[in-house]
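Comments concern the structure below.
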Amino acid sequence: MQRTVFNDDHQAFRETIRDFIAKEVVPVHHDWEKQGHPPREFYNKLGELGVLGIEAPEEYGGGGEHDFTYSMVIAEECALAGVTFGSYSVHANLILPYLMEYATDEQKQRWLPGFCSGELMFAIAMTEPGTGSDLANISTTARLSEDGDHYILDGAKTFITGGALADRILVVCRTSAFDPDNRRGGLSILVVDTSSEGFAVGRKLEKIGLKASDTAELSFSSVRVPVTDRLGDEGAGFRYLTHNLAQERLTIAIGSAATAAAALQHALAYTRERDVFGRPVASFQNTKFVLAECSAEVEAIQQFVDHALTLHNSGELSVPDAARAKLFATDTAGRVIDKCLQLHGGYGYITEFPIARLYADTRVSRIYGGTNEVMKTIIAKDLGL
């Protein structure tokens, strides 16, 4: 079906990204997977390309674009090539809205130029060893010093994308005692300098997919964080997190649509080239039917996600509708990619084939950004249930 979300600028950007991926990523991506992340200088290249700060104001070195469609282009080109940009998406798509909405002018002057250039890479630390989707249960604490000059941060975080290489980490912590009658109160966001004494990167977690994106455990032992590095008001952290959930979940839905579409293209190419019993796999009725099913499902995901993107660009995408997009896109993409892998036979299980990487990479989309069970709860609440 015809798509209407792209203009000439988007298509020119697509060509730039495609060329960049072919030259700078595809030849070395396997090395990144072995290492667990891209080399640090790769993010400087993304900065030079203008990718990291597309939506940041020009005064800080950004592109000044208020159009999330560029992020969709990057997701689609990465999926088609079977690669990732490491922790790029967390940095550019998840964290920038927090800085733009809640950072002071002074903080923006300090952080955004490096954010856009890749000199300062950011991560966000919410999940804890005993706290997943239930953010109100966070136990990492930050106690204000007696002179009111800094916080003393203690605790641990896990599953932190980009945590191993980050220069600054947005840490969600409890700045006042837990109140069972107001579980969401008392949370704040501190922007922690990873060179601070008492901060440590623990295990770099080995995952079944997204192997070129580092995921780490972090610990904070009496880390001093200046009050001037608190993001927004003290105690307003949960509200801030909720504010950005729509874009975070749309990002995941966009990625799922991109991987499903890429999986279909890989399956079409493979089944046309691969002969079984003297004829192409694509010539068998079962193959045709499976690919037809996948095509319909890919179109359904794409139209859903494109509409959600349009709503987001106009400031109208609600949290429940973003949850619907994430739920549908990730569940459906999982089915599509599984079918496409099956059509590859044994080769679909070999990691040198893009379909195998897409299969492994997409599984986490139903977990992070809030599990799909949480998405169903949000949708049910929106239905008045």
Notebook entry, point to check: Is the distance between the ring centroids of Tyr60 and Phe115 under 6.0 Å?
Noted result: no
Notebook entry, point to check: Is Asp229 paired with Arg110 through a side-chain N to carboxylate O contact shorter than 4.0 Å?
Noted result: yes
Checklist line | More than 12 heavy atoms of other groups within 6.0 Å of Asp8 CG | finding: no
Next item on the list: Applying side chain to side chain contact (heavy atoms under 4.5 Å, CB included) between Thr271 and each of Val276, Val290, Leu291, report the one that passes.
Entry: Leu291
Item checked: Tyr43 side chain near Ser87 side chain, heavy-atom distance below 4.5 Å -> yes
Next item on the list: Would you mind checking if Arg14 and Glu76 are paired as a salt bridge, meaning a charged N to carboxylate O distance below 4.0 Å?
Entry: yes
Item checked: Mutual orientation of the aromatic rings belonging to Tyr347 and Phe353 [parallel < 30°, tilted 30-60°, perpendicular > 60°] -> tilted
Item checked: Arg224 to Tyr151 six-membered ring, cation-pi geometry met (6.0 Å, 45°) -> no
Side-chain donor-acceptor pairs of residues 159-170 under 3.5 Å, sequence neighbours excluded:
residue	atom	partner	partner atom	Å
Asp167	OD2	Arg40	NH2	2.6
Asp167	OD2	Met121	N	2.8
Arg168	NH1	Asp193	OD1	3.4

Check: What orientation do Tyr102 and Tyr98 show, parallel under 30°, tilted 30 to 60°, or perpendicular over 60°?
Finding: tilted
Next item on the list: Give me the ring orientation class for Trp32 and His29: parallel if the planes are under 30° apart, tilted from 30 to 60°, perpendicular past 60°.
Entry: tilted
Note to self: Please verify the inter-ring angle class for Phe13 with Tyr70; under 30° counts as parallel, over 60° as perpendicular, anything in between as tilted.
What the structure shows: perpendicular
